[in-house]
Amino acid sequence: MVDNYNKNLLLGITILPHFFHLPLIINLYIIIFAIYLYFQDRFNQRFSLLFFGSIGLFFGLFEYIQYLSATNLIKFYIYIEIVTSVLIYAITLQMISDINHRLVKLSPIFLIIMALFYYNNIYFLFYTIFILYIFVLSVINTNARLDLRNSAKYTTSLFITALPFVIILFIVFPRIAYKKGDFGFKQKAIITTGFGEGFNLNDSGEEVLESNQIAMEVGFKTKMPLEDKLYFRGVVFYTYDGIRKWKKSKINLKLPDIPDSKFSKKENLTSYDVIIYPHLQKIMFSLDIPTTLPKDGRISEDFIIRHKNIIKELTRYSLTSTLDYQITSLEPRLHKLALEIPKNLNPKTKELGQKIMANSKSDKEKLENIKDFMRGQNFEYTLVPSPLDSDNKIDQLLFETKNGYCMHFSAGFAILAREAGLPTRIVTGYRGNLKESIQNYLIVREKDAHAWCEVWIKDEGWVRVDPTIYSFLADGSSPAAGGQNEVQAEQKSLFWQKVSLYSMFVKYRIENWVLYYSHLKQLKLLKQIQKDKKVLFYYFAVFVGLIALIYLISKLLFRGRKEDEVVVFYQKFLKKMAKKGFVKKSYEPALSFANRVKIEEVDKITNLYLKLKYQNNSSVKILKEFKEKIKNLNNFTFKENIDSFSSCIETL
């Protein structure tokens, strides 16, 4: 079916994805076997079989015997891992034995199926298509006796022709959900540099390095909100120790239902899908304020969503949030926490806060006076802040150094507001940047990690304030509010930024329609068709257009296919001749073979073959006659020529 070289190539590219999840000792076995294949002619077959049979068994028992416990045996992935290892072990032993067993022939397909339990993303989708292409190419190249170029042409033609039928099967075939993998081949889950569950004031003056790494992809089902609404909440902080550390309140996880009783207004709902990259935390970022919960999500008293497990792999969830809301009540415990101030510290901030409180008639007026103070200080936004070496760090920040980034400005604002009698809290998460968006698709990067404040205003509830917008860059321009921005980082050209953004957008669209095409989407499509027959006509028109496009592409790409058909039919002719006892030698020209056979019909077929093959005669009529004569070849009697043909072979 497939020769040894192609078989080894197929096995190699199908085993490769398993390298990223199989245990190290199993990978070592695979590497040793790969080296053996290169030098196998130097080793005795029996010794090789004994060697790999023994070490494979030893490695397998050494690795998997530790999983023989009630806790581990209920973990589904362990079974998949063991089955994959046993499959690879069996394949290697059969290859050494030169057994042309079906297991070896079909092993690439089995290995791909096993890999689907680990990888369910756009990269592996394309990788699977690539493997299938190589598999079909190898079969055609081995069995059709065509050169690699013509084999590739036929394989490409088959794939293009099958595309419409694959689309139909994909739409109507029941959805099966596999365990999702990470990013392409399984990557290491690393701690993101932009966001962390802690909040420590950078008082040492250390430079903050940016990261362009993607943190989230967001697809809005409704119109994308304006940038001043794109605040993805992660953690809420209340208590400041006076030195550098802020603490969260004790998180009380509630039932999955969002309590409507806390809202007097809940408007401007927006629905969206989030793909969050692994960050080794439980945070599931959301816009203000979630009104639904994703699967396995739990919500805190501060409306922060946390997953029940640490997020170690790409995780997709759907949410609906209200962007205009009013919370009617604040628990006394939280009200007290939001007013806590370190004692006997920051006298200048305390004095200013008391002055603002004395000169303000309402909470709203207090807030506006604090904003006016922040605007008038000309704070400089920098990722290399001045050290805060005083005991009164907030005083030093607000009245002396006057520089920093989002964490500094949020901390300074929060303490000043508390001194003025306003309950405040700090929220960390991400702020979306519309420059990283296409249509309703948004990329959120680690450099978009951000910190801002929320102030409790009587009769209004929590009001978001972003103190960073009151700062300026060294050149006098306003920083793009979003936290750790491109201040001193190397700038990419606008062109490559757009290329990167569009490639991510295409990937997201394909994943959304292909990898996440679920049973619910199937039902939704059927309901659309039932409701509006124009939808069916639209899809039918697209399908017909796709077939027409495929036909045109095939005509352009495979204009030389007639020559290939001539070769294929001539090979069929030779097989028929061989069954009758007339075998053409590999070195023998077609005309010499016909002269030895001395059959009129064979002479006619050979002449037609030479015209089509070597005289560049692409006449449809001649090609049709050539095919018909080969198909009807069985109707002729060869017995009278067998003896003479045999004597010719003996003479040669």
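Computed from a predicted model, the values in this text were never measured in an experiment.
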Hey, could you give me the CG/CZ distance between Asn433 and Arg445, rounded to the nearest 0.5 Å?
10.0 Å
Could you tell me whether the side chain of Ile276 reaches within less than 4.5 Å of the side chain of Met216, counting heavy atoms only?
yes
For Phe232, which residues count as a ring pair (Phe, Tyr, Trp, His ring centres under 6.0 Å) partner, sequence neighbours excluded?
none
Spell out, as yes or no, whether a donor-acceptor pair under 3.5 Å connects the side chain of Ser410 to the backbone of Met407.
no
Give the C-alpha distance, both sets of side-chain angles, the deciding distance and a yes or no for side-chain contact (heavy atoms from CB on, under 4.5 Å) between Asn309 and Asp296.
CA-CA 8 Å; Asn309 299 315; Asp296 298 327; 5.8 Å; no
Roughly how far apart are Ile469 CD1 and Arg375 CZ, rounded to 0.5 Å?
7.5 Å
Does anything in residues 337-347 pair up under side chain to side chain donor-acceptor pair (under 3.5 Å), and if so which pairs, sequence neighbours excluded?
none
Could you tell me whether the side chain of Ile311 reaches within less than 4.5 Å of the side chain of Met284, counting heavy atoms only?
yes
Is the backbone N or O of Glu313 less than 3.5 Å from a side-chain atom of Thr315, with the two atoms forming a donor-acceptor pair by type?
yes
Under the ring pair (Phe, Tyr, Trp, His ring centres under 6.0 Å) test, residues paired with Phe399 that sit two or more places apart:
Phe373
Straight-line distance of Ile356 CD1 to Asn369 CG, nearest 0.5 Å
6.0 Å
Main chain of Thr222, side chain of Asn440: is a donor-acceptor contact present, judged purely on distance under 3.5 Å?
yes
Working to the nearest 0.5 angstrom, can you tell me the gap between Gln326 CD and Ile289 CD1?
12.5 Å
In short, salt bridge (charged side-chain N to carboxylate O under 4.0 Å, His left out) pairs touching residues 397-426 with sequence neighbours left out are Asp302-Arg425, Lys350-Glu419, Arg425-Glu454
Least distance between heavy atoms, Ile370 atom then Ala417 atom
CD1-CA, 3.6 Å
Tell me, do Phe285 and Val274 make a side-chain contact under 4.5 Å, heavy atoms counted?
no
Between Lys366 and Asp363, is the closest basic N to carboxylate O distance under 4.0 Å?
yes
Considering all heavy atoms, the nearest Leu287-Tyr272 contact:
N-OH, 3.0 Å
Any non-hydrogen side-chain atom of Glu446 less than 4.5 Å from a side-chain atom of Tyr430?
yes
Identify, with sequence neighbours excluded, every residue that meets ring pair (Phe, Tyr, Trp, His ring centres under 6.0 Å) alongside Tyr470.
none
With a cut-off of 6.0 Å (strictly less than), are more than 12 heavy atoms of other residues, nucleotides or ligands near NZ of Lys221?
yes
Within-4.5 Å side-chain heavy-atom neighbours: Leu416 and Thr424:
no
Indicate yes or no: at least one non-hydrogen side-chain atom of Thr270 is less than 4.5 angstrom from one of Leu323.
yes
If you draw a 6.0 Å radius around CG in Asp391, do more than 12 non-hydrogen atoms from other residues or ligands fall strictly inside?
no
Could you walk me through whether Leu230 and Val218 pass the side-chain contact (heavy atoms from CB on, under 4.5 Å) check?
CA-CA 11 Å; Leu230 292 177; Val218 186; over 6 Å; no
How close do Lys308 and Lys282 get, counting heavy atoms only, and between which atoms?
O-NZ, 3.7 Å
Within the structure provided, determine whether Phe303 and Ser286 are in side-chain contact (heavy-atom separation under 4.5 Å).
no
Please answer whether the main-chain N or O of Leu388 pairs with a side-chain N or O of Lys393 as donor and acceptor at a distance below 3.5 Å.
yes
Among Thr428, Ile304, Ile426, which one satisfies side-chain contact (heavy atoms from CB on, under 4.5 Å) with Val235?
Thr428
OG of Ser321 to CZ of Arg233, rounded to nearest 0.5 Å, is 10.0 Å
Asn403 (side chain) donor-acceptor with Ser386 (main chain) under 3.5 angstrom:
yes
Working note: Thr291 + Thr320, criterion side chain to side chain donor-acceptor pair (under 3.5 Å); need CA distance, chi angles, decisive distance, verdict.
CA-CA 6 Å; Thr291 59; Thr320 297; 5.0 Å; no
Could you tell me which non-hydrogen atom of Leu339 sits nearest to which non-hydrogen atom of Pro423, and how far apart they are?
CD2-N, 3.6 Å
Do Pro347 and Asn392 have side-chain heavy atoms sitting under 4.5 Å apart?
yes
Distance (rounded to the nearest 0.5 Å) between Ile443 CD1 and Ile438 CD1:
7.5 Å
Residues at least two apart in sequence or cross-chain that pass ring pair (Phe, Tyr, Trp, His ring centres under 6.0 Å) with Tyr317, listed by chain then number, are none
Exceeds 12 heavy-atom contacts within 6.0 angstrom, atom CD of Glu351:
no
Qualifying residue for side-chain contact (heavy atoms from CB on, under 4.5 Å) with Thr292, from Leu269, Ile305, Leu319
Leu319
Check Ser318 against Pro294 and note the closest heavy-atom contact, atom names and distance.
O-CB, 4.0 Å
In terms of relative ring orientation, are Trp452 and Tyr231 parallel, tilted or perpendicular, with 30° and 60° separating the classes?
perpendicular
Short question: side chain of Ser390, backbone of Gln396 - any donor-acceptor pair under 3.5 Å?
no
Minimum heavy-atom separation for Glu81 and Pro23, please, with both atom names.
OE2-CG, 3.5 Å
Salt bridge Glu368-Lys371, side-chain N to carboxylate O under 4.0 Å:
yes
Flag the pair Asp324 and Lys229 as a salt bridge only when some basic side-chain nitrogen lies within less than 4.0 angstrom of an acidic carboxylate oxygen.
yes
